[in-house]
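Chain identifiers are assigned alphabetically (A, B, ...) following the order of the sequence lines, protein sequences preceding nucleic acid strands; residue numbering begins at 1 within each chain. Given the structure is predicted, the values throughout are model-derived calculations rather than measurements. What's counted below: heavy atoms across the whole structure, side chains too, no hydrogens, waters or symmetry copies.
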Amino acid sequence: MDNPAPPTLSKPREQLDAVVIRFCGDSGDGMQLTGTQFTQSTAVMGTDVATFPDYPAEIRAPAGTLYGVSGFQVHFASRDIMTPGDRPAVLVAMNPAALKTNLPDLEPGGLLIVNTGAFSRGGLKKAGYSENPLEDDTLSPYRVLKLDISKMTLLAVAEFGLGNKEALRSKNLWTLGLVLWLFGRSTKPTIEWLREKFGKRPAIRDSNIAALRSGHIYGETAELPEEIGRYEVPRASLPAGAYRNITGNEAIAWGLLAAAELSGLQLVLGSYPITPASNILHELSKHKNFGVVTFQAEDEIAAVCSVIGASWAGTLGVTTTSGPGLALKTEAIGLAVAAELPLIIVDVQRGGPSTGLPTKTEQSDLLQAIYGRNGDSELVVLAASTPGDGFECAVEAARLATKFMTPVILLSDGYLGNGAEPWKIPDMSSFPRFEPPFRTDPEGYHPFVRDEQSLARAWATPGTPGLEHRLGGIERDYDSGNISYDPENHQRMTDVRAAKIGRVAHDIPDQGISLGEDEGELVVVGWGSTYGSIHQAVINCRDRGLRASHVHLRYVHPLPRNLGDILRGFKRVIVPEMNNGMLSKILRSEYLVDAQGINKVSGQPFKIQELEETIRAELER
Amino acid sequence: MDNPAPPTLSKPREQLDAVVIRFCGDSGDGMQLTGTQFTQSTAVMGTDVATFPDYPAEIRAPAGTLYGVSGFQVHFASRDIMTPGDRPAVLVAMNPAALKTNLPDLEPGGLLIVNTGAFSRGGLKKAGYSENPLEDDTLSPYRVLKLDISKMTLLAVAEFGLGNKEALRSKNLWTLGLVLWLFGRSTKPTIEWLREKFGKRPAIRDSNIAALRSGHIYGETAELPEEIGRYEVPRASLPAGAYRNITGNEAIAWGLLAAAELSGLQLVLGSYPITPASNILHELSKHKNFGVVTFQAEDEIAAVCSVIGASWAGTLGVTTTSGPGLALKTEAIGLAVAAELPLIIVDVQRGGPSTGLPTKTEQSDLLQAIYGRNGDSELVVLAASTPGDGFECAVEAARLATKFMTPVILLSDGYLGNGAEPWKIPDMSSFPRFEPPFRTDPEGYHPFVRDEQSLARAWATPGTPGLEHRLGGIERDYDSGNISYDPENHQRMTDVRAAKIGRVAHDIPDQGISLGEDEGELVVVGWGSTYGSIHQAVINCRDRGLRASHVHLRYVHPLPRNLGDILRGFKRVIVPEMNNGMLSKILRSEYLVDAQGINKVSGQPFKIQELEETIRAELER
Amino acid sequence: MSEPAKQLTRKDFVSNQDVRWCPGCGDYAILSTMQRTLPELGIKRENVVFVSGIGCSSRFPYYMDTYGFHTVHGRAPAFATGIKLANPELDVWLVTGDGDGLSIGGNHLLHCLRRNVDLQILLFNNRIYGLTKGQYSPTSLVGHQSPSTPAGSVDAPLFPAAFALGSGARFVARCPDTLAKKLAPLLKRAHGHRGTSFLEILQNCPVFNDKAWEGVDDRSAVSEQQLWLEHGQPMRFGADKGLRLRANTHDLEVVTLGREGVSEADLLVHNEKSRSLAFLLAGMDPSLGYPTALGVLYCDPAPTFDEMMMKQIDHAIAKRGRGTVDALLHSGHTWSTP
Amino acid sequence: MSEPAKQLTRKDFVSNQDVRWCPGCGDYAILSTMQRTLPELGIKRENVVFVSGIGCSSRFPYYMDTYGFHTVHGRAPAFATGIKLANPELDVWLVTGDGDGLSIGGNHLLHCLRRNVDLQILLFNNRIYGLTKGQYSPTSLVGHQSPSTPAGSVDAPLFPAAFALGSGARFVARCPDTLAKKLAPLLKRAHGHRGTSFLEILQNCPVFNDKAWEGVDDRSAVSEQQLWLEHGQPMRFGADKGLRLRANTHDLEVVTLGREGVSEADLLVHNEKSRSLAFLLAGMDPSLGYPTALGVLYCDPAPTFDEMMMKQIDHAIAKRGRGTVDALLHSGHTWSTP
Ligand SMILES: Cc1ncc(C[n+]2csc(CCOP(=O)(O)OP(=O)(O)O)c2C)c(N)n1
Ligand SMILES: Cc1ncc(C[n+]2csc(CCOP(=O)(O)OP(=O)(O)O)c2C)c(N)n1
Ligand code: SF4
Ligand code: SF4
Ligand SMILES: [Mg+2]
Ligand SMILES: [Mg+2]
């Protein structure tokens, strides 16, 4: 809730609308922390922020290697922004490997801050530099600030008597201090955070604080070259209210807690660790005082089965995973479809196929989520479009799962899961409570009596006197729930299961238009984490007078009932996806519209510019 | 190779074009054996035959219960037939429960043969009859032959000194004898079969033979009522050659042996038992003298993993399963896609979702087969359309898997798997041999060097000097096969994997028209086991002068390149499927044609008449 | 909660479903013993839950008029664990087979036993896959001919009880299907034991593996193949046989009482709390002339998984107060825009 | 086949990949010992295959210049079994972790051990999931705090060696990561053993579970926590400690030689062929003052799965002749139409 005034400074700062900065260095250099703290400090000042952490699959790759480079990109602006930005205007490179892998992304004329202290012969060699790029003309297209950050850090923390190696650990904080100064951000939030985090290790706490301050002071006092301006990014005009930073994984975890609170159900999470979904398990494990049970199962199959059991027993059963885990859960999810039990499966997608690229992002589980089960086994699929959106999506997933007694798959991805954004804290009292269809009355009960409206069967939980019943995966009689091999009954049950999912489409809001007219030349249809890039690209196109609209789906199965009409209102439908064309397949099949995919499968999010160009090209065709 | 002359008889036989007969009784009554032997005996006489066994999920359901009824329907004709027939014209009911569940299917005026010996008070009660249907007017719409088959069997086998229970076991053979007589079929094939089968148990052998003969003689000698005609179904004009009966499961098993022979590869089957696929495992387990390794794994995951390992090691790896098993194999199949290894997965589909209806048939795994994996992970999907077609499909699956270094899913279903048809024995020398792309030359080798034409990577098997390499599920570098997290490389590899499957479409034959013109009013598009019903329904429609064509797909992914043109040549496209609309989704999406599904999900195959009516209705719309 | 449980009878536990096992199947006897035993446990019917996988044995829940869940193949322990975590008050019985529990489901069984979730596992061991028509299973003897092994199986069978002990089980017992007088008290003890109770029931499948337990399932309960264990008692069996350890070794030998001066005092005394003794007994190979150990091989209770999980929650609530989402949303770094 | 294998050196087994474990990881030591040991086995490099699942440990194959397959999580034993069935000549090493092998992969491990497929399994036990950043594993001690168990884990750890013995393993050994002098000969013995050799390697993860094996991995190899087993030798450890069995029981006690009249003759003698003795040793709980048993706990060879499967094929061919599809197609009932 603190909101420090920007430090008063003598020279005026250049005002900027938006800045993209990327911190990169060795995985051991603490770049994720630097990025997170910078985000925190700038968000607190009222700018809008979006982040993109990008780190290696190895836990601690050997120091100095190219694949050991870890990066954290922050985009902050005085206007509403949607993505972490296409390319950085400011690059902080802590070692040669980081420079090598990240320099190509830096905007021409961009500002490069480089730690010369790490440019030893060995370091250069590991990065594959035969010449020292600080000494040839590699850096000539950029504005460059060469500083021996290592040395300055050592000086700053000398008084705390740490070993060399330990002392050098603070160099990320020195850097952070400098960058905070550069953008007129206060060190206060970081100092507070360091105090809390290292409260029990005073030497580390104090040296870190000293390094941070020293970097900040360096900016103020050193004679920096003329072209290295100081900048200011004024506060964005975000809607009034309380804000916090949140990652997609946190938002989903908290959304699940909210769903439990709103429904009065106990939350039971059964999960097996897998990148990039593990953090949801970790986050919920911290909150046992919400009555949440978190169970690290022996594998993904046990994880989902345990919570199907827990669902039957009357709790909100949730399992969290990524693609390979979803593949393993498939058979059991089919049972939840057949037994008609509520269940939430969160899939934080990553690069595939197979083990693929665990730390990279992708949207390539969509067809698996919708179709990847034996038999006709429909369920509900939702997708979060921003980190914060995960919160509402989780609540909605729980509402639909319990109202319709069906599994719901909630799709997120690595980009949302780890990326943070300032998020307007929702007012819990604005969420309607919802009542699960529990049954206690034995009169006329059988396990497949249905609600006429929702077609959901009654939820009778073990422990309820008089409602003893048997449930299972063999086809069940429509009128008694007992095993039935009867052909007509199978047809009837197949039909009612499909009809029930059809009813979901009547329960969800009509599809809205995120941006632009509701008919016209071209509509860009997206789902999931591409929201930001698409939205900004469409804004940019519209700013140039092009007639494009943006439609973004939260409900990917069943689709909103008015979607067909919307799409048919446009001459062209284009569908950017981080996969080889999945939603586009569905839209074509469903509405017979000639939806064209824009597909990117590189483990990286779309750049705004890429999309902008495609939209323009499409319109000019 | 035997081809007995029909027994000469005094009274002339009524000539029939085709007959549908159904044997039904308690699961303990041996109806499957009766049906199979009848099929054998009539096929040997040169009629075309199609069968449909339908039995309970319980191993041995308690005697006399409704759910313990087992049936076997045989359709035989002097013309080409495609299906086991919509409704029987002759029904043999061995007990009250069988009568109760099967009578509604008997054609009005049809012939009912009923074993009065089983109509005890207890038996009637178990079948839910409050009145004895033999005594009221339940049977009046039919021609009825009431015989105490139990008693006559006991008399026939009295001399062999069996206990009552044992002796009664032969009553199915007595019945078979009578029915063989009715249709002018010889008992010889069955007698030979009994001799072989019970060679080591002479008492059983002899009593069975005696019962069979006695039933046959009974027909000849007893004064049967006037309306119970004797029939003759003359031989069909099938193409000349050697024939045998074959089920879909056998055909696939043998086709796999053929593929091994044609490619010189050793066949390694890793499987886990599951209805209705287990018989493929059983069949191949018998043929160890083909050098085939059959491995019953601990579960489906181990089954598929073991043969992925075996494939890498240079053999033809195959796994066989049904829907729930395919669900479990999903993750590992993704590895085979990523590692680009040949692999055949046979899915004998059954009723779903979940455990569903294990002994019933369905086509509802299509979308799972094509799309049910994490990541963009395309593979090849084929479908067999008749039992015998499984043979060729298996060979083709192996050819494509090894040529393109890709997993191939071969879809069959319970109806094909257990159903038998007379099958013209193929000439093995007519199949081209094929060479897997083995590599032995270390020059320029890395594990992902590709063939320029097929885009398949080289197959280097452990044990080959100089080709030592590492393979895995993490994204691999295009140019070295080493682990690569590079974004552009991931895009490139994703593209080449997709392109490779695209090349398969260039390697398969153009789609043909099964029946009718290649453009016009309406085309019925099918895949898999609906072949027979669709084909006959289209024939019938055309006989009535309607302009309908039939297109039947073997290659469901990738689709034949000319399919879009074919479909666009018709005003209407209808797609009958035993699922809720899967191929129709794909056709709509792929070609933007308004393909309409005709969907049946009852665990039962389509009846010809159902389809005929739908086609007519469509054309009259 | 406050109402006294009404006196239940066998009939209260019989569901309205026709039992669909083959005539003569050992499962009938187990079902009947279960239905007769439950009323004696003083429990509420609505709290009783039967969970199973897939197999003939796994049809069991359909025939019990309690809560029942016939799940998917091999995963029943995972479902059961979730049920207990959702509601530890429930009285969960898990029914599985040698295929369901030890072939596809071995891993879940292992982890359920290791965690010591408070429930009863009944593994019906007929040494065969019944439902899929007779393929060999992980407990089939070497050389077993089956549809998938027409030339005989080649892999060594697992001893389920030894596997359970290796997995950390804290209650391991064994009993043939039809000896109701022995089975009923074992069901009661398994029920009384807190934590996972593992009871292997040697079950006959007359259709696909008849007489797999011949001798061991002798109705007299005193055949030479049956070693009935009693805690603290010497290991006697048959008319006059006993077991003893060769001095300072781990080799068991079968001795005849009264011969060569062997008396009861020389026999090994059963100690339910010794895991390694139980392991030795569990693995005795009948083909080498040893009897089959029956009764309670091992019982040594420890805190249960569900109990400790609940304690952590109670503790967190006691310490930090019941969490509310509103407070959580405003915790940590937040800021306001006007 | 006929060419003599050229003399290989350590370098022949080093692949061109950068090793990507964290600095100080115990996996480095294991890798290096492996690369030094393989040349001494007189094998052909092209026949050597490393198979692994997923985890830090499972990256092992990338660093060996042999054939290698980094498969999917937990399933390496199934892949390895298929490889051996396809080509029994191959020399297969399986590398797995406590998570890969015992959490998700417990069932495949069990069945590989039970079947006795001829290969070596190396389980790197760091009592933690390394690759996914430190969650507790099935071998973590009770109370282990990790990202998924911030209040401490509640479930009892598995003893991998006890699990292997319960699963029917026929070779079980244990060794710390960094004691190359101990590990190298064990790798050789595991390699020499026909059938599945199970070697648990106690591995340090300095990042997420540092010092998990403190004392047990003492470089001196004579700490009081280390009981090095030798077949036929009395069980001595530390300076003057030993193990003995309490008479006619299964209770082990730690004794001090020279005190209370205890001499070496009183000590238990190791017998590699006793499964139950091995089980007793495998399960010794260090928290109760017992040492950790190291070296070969159990070794008792039996026919291997792959060998017997191949025999059945050879036998069928010898008896029935090599099958041809043409003959098969015309076997049984066939008929002709003109
Ligand atoms: C995923 C899956 N795989 C395979 C099957 C087929 N299947 C059903 S029961 C069974 C084996 C059952 O054996 P067991 O547990 O011993 O039970 P029994 O029938 O002998 O009592 C198998 C393989 C299935 N239903 N689901
Ligand atoms: C199907 C699947 N689930 C989960 C994961 C995530 N995952 C990778 S390694 C691992 C655990 C590894 O632990 P261990 O085997 O002990 O290896 P270590 O890293 O400790 O050497 C997990 C959970 C995965 N890769 N695949
Ligand atoms: S097959 Fe065997 S186990 Fe299954 S019901 Fe029949 S007798 Fe029982
Ligand atoms: S996380 Fe642990 S086990 Fe993994 S590489 Fe690092 S030190 Fe080794
Ligand atoms: Mg069984
Ligand atoms: Mg580990």
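Pairing each heavy atom of C/L110 with each of D/F163, the nearest pair is CD2-CE1, 3.7 Å. Of all heavy-atom pairs spanning D/L280 and C/S276, the tightest one is CD1-OG, 3.2 Å.
Checking each of C/M308, C/R115, C/H111 against D/D155 for a side-chain contact (heavy atoms from CB on, under 4.5 Å) leaves exactly one that passes, namely C/R115.
Interface summary for chain D: among C/G105, C/G152, C/A161, C/P160, the most heavy-atom pairs under 4.5 angstrom belong to C/G152. Taking D/A162, D/P138, D/G168, D/S274 one by one and counting their heavy-atom pairs under 4.5 Å with chain C, the maximum is reached by D/P138. For chain C, the option among D/L165, D/V154, D/T304 with the highest count of heavy-atom pairs below 4.5 Å is D/V154. Options D/A151, D/G283, D/G74 differ in how many heavy-atom pairs under 4.5 Å they form with chain C, and the most are formed by D/A151. Options D/I104, D/D251, D/L113 differ in how many heavy-atom pairs under 4.5 Å they form with chain C, and the most are formed by D/I104.
Proximity to chain C is absent for every atom of D/L109, based on heavy atoms less than 4.5 angstrom apart. Of the atoms belonging to C/S167, heavy atoms from both backbone and side chain fall under 4.5 Å from chain D. Heavy atoms of C/L252 lying under 4.5 Å from chain D are absent altogether.
Here the straight-line distance linking atom CZ of D/F159 with atom CZ of C/R275 works out to 9.0 Å at 0.5 Å rounding.
Taking a 6.0 Å sphere around CD of C/E253, one finds it holds more than 12 heavy atoms contributed by other residues, nucleotides or ligands. The local environment of NE2 in C/H315 is sparse, with at most 12 non-hydrogen atoms from other residues, nucleotides or ligands closer than 6.0 Å.
Side-chain N or O atoms of D/Q312 include none that pairs as donor or acceptor with a backbone N or O of C/S153 at under 3.5 Å. At least one donor-acceptor pair closer than 3.5 Å links the side chain of D/N107 to the backbone N or O of C/S103.
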